[in-house]
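Here, residue 1 is the first one in the sequence, and each next residue gets the next number. It should be emphasised that the depicted structure is a prediction, and the values quoted were computed from it without experimental measurement.
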Amino acid sequence: MEIKYKNPIDDVISSYVNLKRAGRNLNGLCPFHNEKTPSFTVYTDTSSFYCFGCGAGGDVFGFIRKIENLDYIEAVKKLADRAGVTIPEGDYDDSYLKLKNKIYEINKEAAKFFHNHLFTPEGKWALDYLTGRGLDIKTIKHFGLGCAPNEWDGLLKHLKSKGFYLTDMEQANVITKGKNNGYYDRFRNRVMFPIIEINGKVVGFSGRRHPNEDKGGKYVNTSDTPVYKKSKTLFGFNFAKNHCAKQLLVVEGNMDVVSLHKAGFENTIGTLGTAFTSEQARMISRYTNEIVLGFDSDAAGQKAVARASEVLGDSGLKVRVLSVPDGKDPDEFIKKNGPERFKAVLEGAVNEIEYKLFMAAQGIDTSTADGKAKYLNLAAEALATINSPITIDLYAGRLAEQYGITKATLIKEAEKIRYNNRKIRHKKEIGAIIKPVYKNNEVNPLKRTNKLAVLAEETIIAVIMAHPDSLSKYQALIEENMISDINKRIFKAVEQSISGALGKFDISLFGDEFSPEEMGYISSLQNSKGPFVDPQKSIDDAISVLQKEKINSSPSEAGKLDDDAWAKQMEELIKNKKRSN
């Protein structure tokens with residue numbers, strides 16, 4: 001408990017999230033999903049947090065566990081180090097930590113295997129491909145690039161010869177189990193790019209298919225493992241972190257990253273083929289104040305810029321967008337024009353709104369009335385994405401002067417679009433809440449078919465958490481009538497917590513017994529304020545509901561509702577719950 005008390009939850013979370021006081025609690029934008037309206041709450045009185053948008057929740061250990069991608073023991077150790085507390089050896093189970101270390105060893109050996117194969121006769125095709133793209137041996141070795149053999153079990157046999165077990169190789173995702181329960185290499189006949197995290201450890205791989213093949217994906221990447229989460233990883237960041245004091249350049253492809261580093265732009269990183277995430281933005285913000293988005297200029301690239309800009313909007317980073325002439329990607333442009341010309345293009349990168357206004361004009365003849373109207377409508381859509389009234393006023397004034405309309409007309413149109421977008425976004429946010437937390441509730445699936453009984457159980461648990469003195473009177477009756485497995489487990493844990501030395505509920509005692517998703521569910525119960533007016537009556541009423549449901553032994557009417565009716569009912573439930581907090 002010393003670790004917890006020396007790591008106040010508001011102090012720890014505020015180092016990751018910009019929190020603002022809201023009565024007794026603190027609110028902010030959730031770091032675990034993208035949102036515009038704060039739904040992330042820190043409850044200092046219960047030393048817990050909960051997000052009404054995605055259902056994440058728990059205590060300070062759970063927060064560190066989730067945001068740093070750690071297991072429970074690693075989270076405890078990290079907070080112990082933060083507080084200067086020493087944990088005696090043998091006081092924790094380090095089996096998961098041992099598994100992660102084993103995966104690191106496997107990845108390191110696999111990276112060596114792929115790199116060595118690149119310089120064999122069988123791997124010459126991959127070496128020719130890399131040198132043909134303008135890379136030299138120094139750069140190839142610097143990034144540890146390699147080649148996966150054109151065999152079903154080349155890596156598997158090599159790792160077995162080094163003493164590694166099949167189960168650990170599968171956990172590392174370097175081999176895959178087939179339909180007949182046999183194992184085979186995940187990467188075959190591909191150019192291999194090792195994915196290395198900031199601390200220099202190999203966490204996974206990205207494999208590009210043979211240039212003469214057209215089967216399978218162009219790139220195959222390691223799936224999420226205990227040491228690799230694609231939403232939190234950036235290719236080349238292990239090198240770029242030492243060259244990004246001024247800015248970071250983000251591009252799409254692995255080859256773009258490697259080529260730009262060779263050309264002297266060592267502040268370049270790649271997104272490994274995934275959409276930009278808030279986790280990546282947080283990581284970047286620890287190393288630099290400015291980010292330049294160097295995505296392709298096609299429709300997919302523009303969409304990626306819009307998505308990344310949305311994620312980066314609340315990161316505190318200055319965001320600029322690279323516009324490479326003739327629609328070329330950075331690697332292609334450097335090969336044709338040289339690094340100095342690209343440096344000039346990079347220095348001329350524009351801010352997000354200027355990029356949107358520039359792209360909106362592409363393919364439109366603004367010399368005609370129709371073309372001018374079409375462009376100004378698109379420009380109004382771009383202005384509608386700006387939060388600063390001063391910035392809107394500035395760009396609306398420039399456009400009004402250039403195209404002969406009044407600034408007020410353009411601002412009015414932008415506000416109209418902004419209002420409609422806000423309504424659409426709110427509808428999506430409600431849908432995002434309903435689907436994962438209620439409609440497809442994985443933590444307590446019984447809530448879908450027997451909502452009344454589960455809500456009664458939740459009421460009982462929430463009251464007992466807040467009023468532990470009620471436990472002794474109702475304990476036997478509650479245990480006898482509960483029906484959902486997860487709530488039985490939670491109640492048992494609450495009971496043990498109250499029966500312990502503290503004599504009250506403490507969520508910090510639950511971390512190693514429940515998954516992060518379950519901890520979110522528990523946190524939502526702990527911080528529910530609905531049933532606390534008359535604790536005894538609330539428990540009596542809830543037990544009556546449970547007994548009635550048990551006698552009926554059939555799903556409540558909630559389980560018979562179609563999806564639209566269920567979603568509508570849940571939307572009202574969510575609104576009421578938010579009002580009660």
Pair [X] + [Y], salt bridge at N-O below 4.0 Å:
X	Y	value
Lys537	Asp541	yes
Glu415	Lys412	no
Lys4	Asp59	no

Do [X] and [Y] have side chains that get closer than 4.5 Å, going by heavy atoms?
X	Y	result
Val443	Glu518	yes
Ser39	His33	yes
Asn221	Lys230	no
Leu312	Leu293	yes
Ile486	Phe514	yes
Glu290	Leu248	no
Leu29	Asn18	no
Ile464	Ile539	yes

Nearest 0.5 angstrom please: [X] [atom1] to [Y] [atom2], how far?
X	Y	atom1	atom2	value
Asn487	Met482	CG	CE	5.5 Å
Ile392	Leu410	CD1	CG	10.0 Å
Ile522	Tyr50	CD1	OH	12.0 Å
Ile284	Asn289	CD1	CG	12.0 Å
Leu272	Ile195	CG	CD1	4.5 Å
Ser472	Glu495	OG	CD	11.0 Å

Look only at the side chain of [X] and the backbone of [Y], and say whether a donor-acceptor pair between them is shorter than 3.5 Å.
X	Y	value
Asp10	Thr44	no
Arg65	Glu68	no
Thr233	Lys229	yes
Asn7	Leu79	yes
Glu457	Ile483	yes
Arg82	Ile3	no
Ser523	Phe49	yes
Arg24	Asp45	no
Ser497	Lys504	yes

Heavy-atom pair with the smallest gap, counting every atom of [X] and [Y]:
X	Y	answer
Ala172	Thr225	O-CG2, 3.8 Å
Val250	Ile291	CG2-CD1, 3.3 Å
Val463	Pro535	CG1-CB, 3.7 Å
Leu546	Ala453	CD2-O, 3.4 Å
Glu197	Val227	OE1-O, 4.3 Å
Asp393	Ile411	OD1-CD1, 4.0 Å

Open item on the list: Go through it in stages, so that I can follow the logic: the residues are Phe237 and Met283, the test is side-chain contact (heavy atoms from CB on, under 4.5 Å), and I'd like the CA-CA distance, side-chain angles, deciding distance and then a yes or no.
Closed with: CA-CA 10 Å; Phe237 204 15; Met283 183 166 61; 3.5 Å; yes

Any residue meeting ring-ring contact (aromatic ring centres under 6.0 Å, His included) with [X], in chain and number order, not counting sequence neighbours:
X	result
Tyr16	Phe63
Tyr228	none
Phe491	none

Task: Steps toward side chain to side chain donor-acceptor pair (under 3.5 Å) verdict (Gln280, Thr271) - done: CA-CA 9 Å; Gln280 292 167 337; Thr271 57; over 6 Å; no

- [ ] Step by step, work out the side-chain contact (heavy atoms from CB on, under 4.5 Å) result for Glu413 and Leu383.
- [x] CA-CA 9 Å; Glu413 181 64 19; Leu383 294 178; over 6 Å; no

TODO: For Gln171, check side chain to side chain contact (heavy atoms under 4.5 Å, CB included) against everything at least two apart and list the hits.
DONE: Leu99, Ile103, Pro226

- [ ] Please identify each residue that fulfils side chain to side chain contact (heavy atoms under 4.5 Å, CB included) with Ser223, with sequence neighbours left out.
- [x] Asn173, Arg186

- [ ] Give the C-alpha distance, both sets of side-chain angles, the deciding distance and a yes or no for side-chain contact (heavy atoms from CB on, under 4.5 Å) between Thr41 and Asn527.
- [x] CA-CA 10 Å; Thr41 302; Asn527 296 298; over 6 Å; no

Task: Any residue meeting side chain to side chain donor-acceptor pair (under 3.5 Å) with Asp540, in chain and number order, not counting sequence neighbours - done: Tyr474

Open item on the list: Apply salt bridge (Lys or Arg N to Asp or Glu O under 4.0 Å) to residues Glu74 and Lys78 and explain how you reach the verdict.
Closed with: CA-CA 6 Å; Glu74 289 174 316; Lys78 185 176 182 67; over 6 Å; no

